[in-house]
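Data block below; observations after.
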Protein chains: 2
Amino acid sequence: MRPTVHDIAAEAGVSLATVDRVLNRRPGVKDATRLRVEAAIAAIGFVRDMAAANLAKSRVYPFTFILPAGDNSFMRGLERHVREAMARPAADRVAISLVIVPPFDGAAVARALDAAKVQDPAGIAVVAVDAPEVMDAALRVQASGIPLVTLVSDLGASCRDHFAGIDNHAAGRTAGSLMRRFVGRVPSATETIAVLAGSMLVRDHRDRLEGFRSALSETCTLLPVLEGQDDPAATERLIADLLARHPDVAGIYSLGAGNRGLIAALQRHSGPRPRAVIAHELTPHTRAALEADLIDAVLNQDAGHEVRSAIRVLKAKADGIPAVEAQERIRIDIFLKDNLPFPDEADGKVLRPSGSGSGEN
Amino acid sequence: MRPTVHDIAAEAGVSLATVDRVLNRRPGVKDATRLRVEAAIAAIGFVRDMAAANLAKSRVYPFTFILPAGDNSFMRGLERHVREAMARPAADRVAISLVIVPPFDGAAVARALDAAKVQDPAGIAVVAVDAPEVMDAALRVQASGIPLVTLVSDLGASCRDHFAGIDNHAAGRTAGSLMRRFVGRVPSATETIAVLAGSMLVRDHRDRLEGFRSALSETCTLLPVLEGQDDPAATERLIADLLARHPDVAGIYSLGAGNRGLIAALQRHSGPRPRAVIAHELTPHTRAALEADLIDAVLNQDAGHEVRSAIRVLKAKADGIPAVEAQERIRIDIFLKDNLPFPDEADGKVLRPSGSGSGEN
DNA sequence: GAAATCTTGATGTACGTAAATCAGAAATTC
DNA sequence: GAATTTCTGATTTACGTACATCAAGATTTC
């Protein structure tokens with residue numbers, strides 16, 4: 001049996017009330033007594049039963065999540081995971097309110113942050129846009145003492161408490177490494193590689209490009225970066241044009257989100273395909289393209305993990321416990337057609353019974 | 001405020017006792033009344049507060065984990081994660097007893113299963129050895145109604161309730177895919193690939209080899225499989241010999257555990273290295289080898305995830321809730337030197353504060 | 001040495017659920 | 001219609017912690 005507060009009281013030779021005062025840092029305990037109680041706690045190895053404590057406190061953590069709108073598959077998946085966390089029988093006593101703002105709109109994000117602030121939640125998670133007005137709003141949130149976590153897309157480290165997302169520079173490097181190996185090594189030949197981004201105004205995209213460049217050997221020539229604004233139609237035109245004008249392109253790295261256009265262009269293209277196509281984020285589209293050999297590898301960040309990590313960190317910050325950064329690091333997944341995970345049941349028809357875990361895996 | 005049992009009682013016009021009888025499937029409720037209560041539950045959207053319920057029940061789940069001894073890094077990591085789960089402030093009310101048995105010893109595993117059975121735990125997890133006496137013991141465990149989960153290494157599906165591990169055939173395919181691409185494509189040349197295994201008597205190893213074979217194009221020649229028995233010294237000799245006798249070997253796939261020997265041999269070797277070396281399981285050794293460019297890729301199964309998944313499944317089975325298989329599928333991670341996760345803090349000196357999550361990610 | 005303050009104990013209620021007991025009411029059997 | 005069985009309500013205790021209140025003891029202050 002785990003020791004309880006009663007055991008502490010017996011061990012320290014004090015009353016329950018005093019133990020309680022020590023445990024909850026309430027005033028009115030002599031230093032000597034406090035030390036005795038703390039020694040007893042250490043001696044019997046007491047750990048507070050958080051479930052019982054939260055029950056007694058009937059505490060809830062009201063959190064606000066701010067996500068971009070739009071038909072970006074990844075972001076919709078992210079939203080799905082947030083909704084799942086909202087629906088989950090508040091076993092973790094988390095009450096999330098979800099705010100959707102227009103995509104790529106710094107002003108809108110800033111407004112959403114200010115609006116969330118006045119609700120005085122226990123924490124805010126936001127998919128940031130790298131704009132000065134957002135930073136200002138983030139600083140205002142922090143100034144009011146509300147923990148702030150950036151999700152997927154970061155801000156400067158000084159504007160938030162934590163970033164729940166991948167190291168995009170490392171992701172770019174990984175893509176570069178894979179690319180270098182996938183295009184093969186034809187001795188003394190320079191390979192032509194194309195990069196497709198959404199917008200160079202987004203920090204993630206810049207970081208990925210930088211990492212990608214740093215990992216590619218000098219025997220590769222990078223074509224000027226194509227910016228498709230994460231728009232399928234525009235992206236498709238760009239890629240079709242690329243394939244027509246550069247039949248020798250050995251690899252394409254799509255570091256943004258407009259993968260539907262990329263896939264469509266590759267599908268329509270009649271000539272020889274690039275030897276390696278690497279994209280980001282496992283969505284139904286990229287998954288299908290992997291299976292159809294239109295894409296060779298997909299780098300992925302697990303949206304579910306990111307959401308759950310953000311919640312854990314916000315809770316820890318709200319409780320004043322320092323989050324263990326190393327523990328919350330989000331992995332860069334590499335998927336080939338051979339190691340695709342089971343299709344996410346939420347994309348299909350299967351409903352998960354409530355109550356069972358959150359697919360931590 | 002979330003609805004409580006009192007709200008159900010009010011809504012259904014019955015007493016608390018009756019609500020309790022319905023909720024906990026106790027007898028003594030007329031069908032008509034039961035339906036009324038269930039309708040009320042659905043109407044107000046009641047979900048049981050599991051924290052409070054477990055508190056009231058003061059229920060614990062005694063589980064037994066059976067792991068192999070030996071200095072296999074992966075297994076020791078697995079043990080570490082089990083111990084972590086044991087140490088975790090029984091927030092999840094799980095009481096694990098850990099049994100270590102000699103490695104590759106079917107009889108020992110069978111004895112451990114029988115010994116665990118008489119303790120009548122709420123569930124057993126075992127790193128299985130593919131031997132008939134183990135299957136028999138597993139069937140005896142199941143016959144006595146104790147949920148049984150195989151961990152990392154499977155048995156026949158009929159002998160256990162769940163397998164918490166990766167699809168080793170898919171892992172082999174993934175390795176094959178990577179190998180094919182990493183060795184590059186020299187037109188009209190047959191590449192020589194070597195496979196290093198621990199023992200072909202282990203099911204995982206057989207499955208991986210089969211998957212690997214199926215993914216390699218026909219332009220590759222597989223040398224006869226080397227069996228190092230997961231022993232560093234023996235493995236080192238085998239690989240040194242291989243490199244001496246086959247200077248043209250383009251790739252090595254190490255699908256077992258004796259990676260220290262492989263790495264040592266590669267390090268000592270003076271001639272040109274194989275173009276691609278792929279190994280399994282991210283351990284301090286393989287990690288260092290990745291960083292030193294001695295190994296090109298490591299396929300990994302996350303031991304922490306496997307342990308936590310096993311616990312979740314055992315708990316679900318113990319409660320009679322069907323586990324959601326899709327949700328518990330373990331991923332095949334691919335690591336290059338570029339996307340290595342942060343070194344596991346438990347390998348170093350940093351202690352994790354109790355109470356925070358389990359790195360669910 | 002009386003008054004003020006600080007420290008501690010004793011006790012009770014609460015959180016949401018589980019589980020047991022006992023007493024009636026209702027339905028069934030003969 | 002009496003005896004039995006089945007169903008339901010009312011009430012209580014418990015889980016481990018939080019929190020508030022009141023009283024009494026110990027200590028300090030002037």
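Please read all numbers here as calculations on a predicted model, not as lab measurements. Letters A, B, ... mirror the listed sequences (proteins, then strands); counts begin at 1. Computed from heavy atoms alone, side chains included, the values below leave out hydrogens, waters and symmetry copies.
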Under 3.5 Å, which donor-acceptor pairs do the side chains of residues 4-15 of chain A form with other protein atoms, sequence neighbours left out?
residue, atom, partner, partner atom, Å
Thr4(A), OG1, His6(A), N, 3.1
Thr4(A), OG1, His6(A), ND1, 3.4
Asp7(A), OD2, Thr4(A), N, 2.7
Ser15(A), OG, Ala17(A), N, 3.3
Ser15(A), OG, Thr18(A), N, 3.4
Ser15(A), OG, Thr18(A), OG1, 3.4

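Listed by chain and number, the residues in a salt bridge (Lys or Arg N to Asp or Glu O under 4.0 Å) with Arg26(A) are Asp20(A) (sequence neighbours excluded). Not counting sequence neighbours, the partners of Asp114(A) by the salt bridge (Lys or Arg N to Asp or Glu O under 4.0 Å) test are Arg140(A). By the side-chain hydrogen bond (donor to acceptor under 3.5 Å, both in side chains) test, Asp319(A) is found to be paired with Arg59(A), Tyr61(A), residues two or more places apart in sequence or in another chain being considered. Qualifying side chain to side chain contact (heavy atoms under 4.5 Å, CB included) partners for Ala69(A), counting only residues two or more places apart in sequence or in other chains: Ile100(A), Pro103(A). Scanning for salt bridge (Lys or Arg N to Asp or Glu O under 4.0 Å) contacts around Asp154(B) gives Arg160(B), with sequence neighbours left out. Residues passing the side-chain hydrogen bond (donor to acceptor under 3.5 Å, both in side chains) test with Arg83(B) are Glu79(B), sequence neighbours excluded.
Considering only heavy atoms from C-beta on, Arg80(A) stays 4.5 Å or farther from Arg76(A) through its side chain.
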Give each protein N/O atom lying under 3.5 Å from an N/O atom of nucleotides 24-28 of chain C, with the pair distance.
none

Problem set entry | Letter per nucleotide, 5' to 3', of nucleotides 9-21 of chain C [B base touched, S only sugar-phosphate touched, - untouched; heavy atoms, 4.0 Å] | BB----BBBSB-B

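In this structure, Asp31(A) atom CG and dT27(D) atom C1' are separated by 15 Å, rounded to whole Å.
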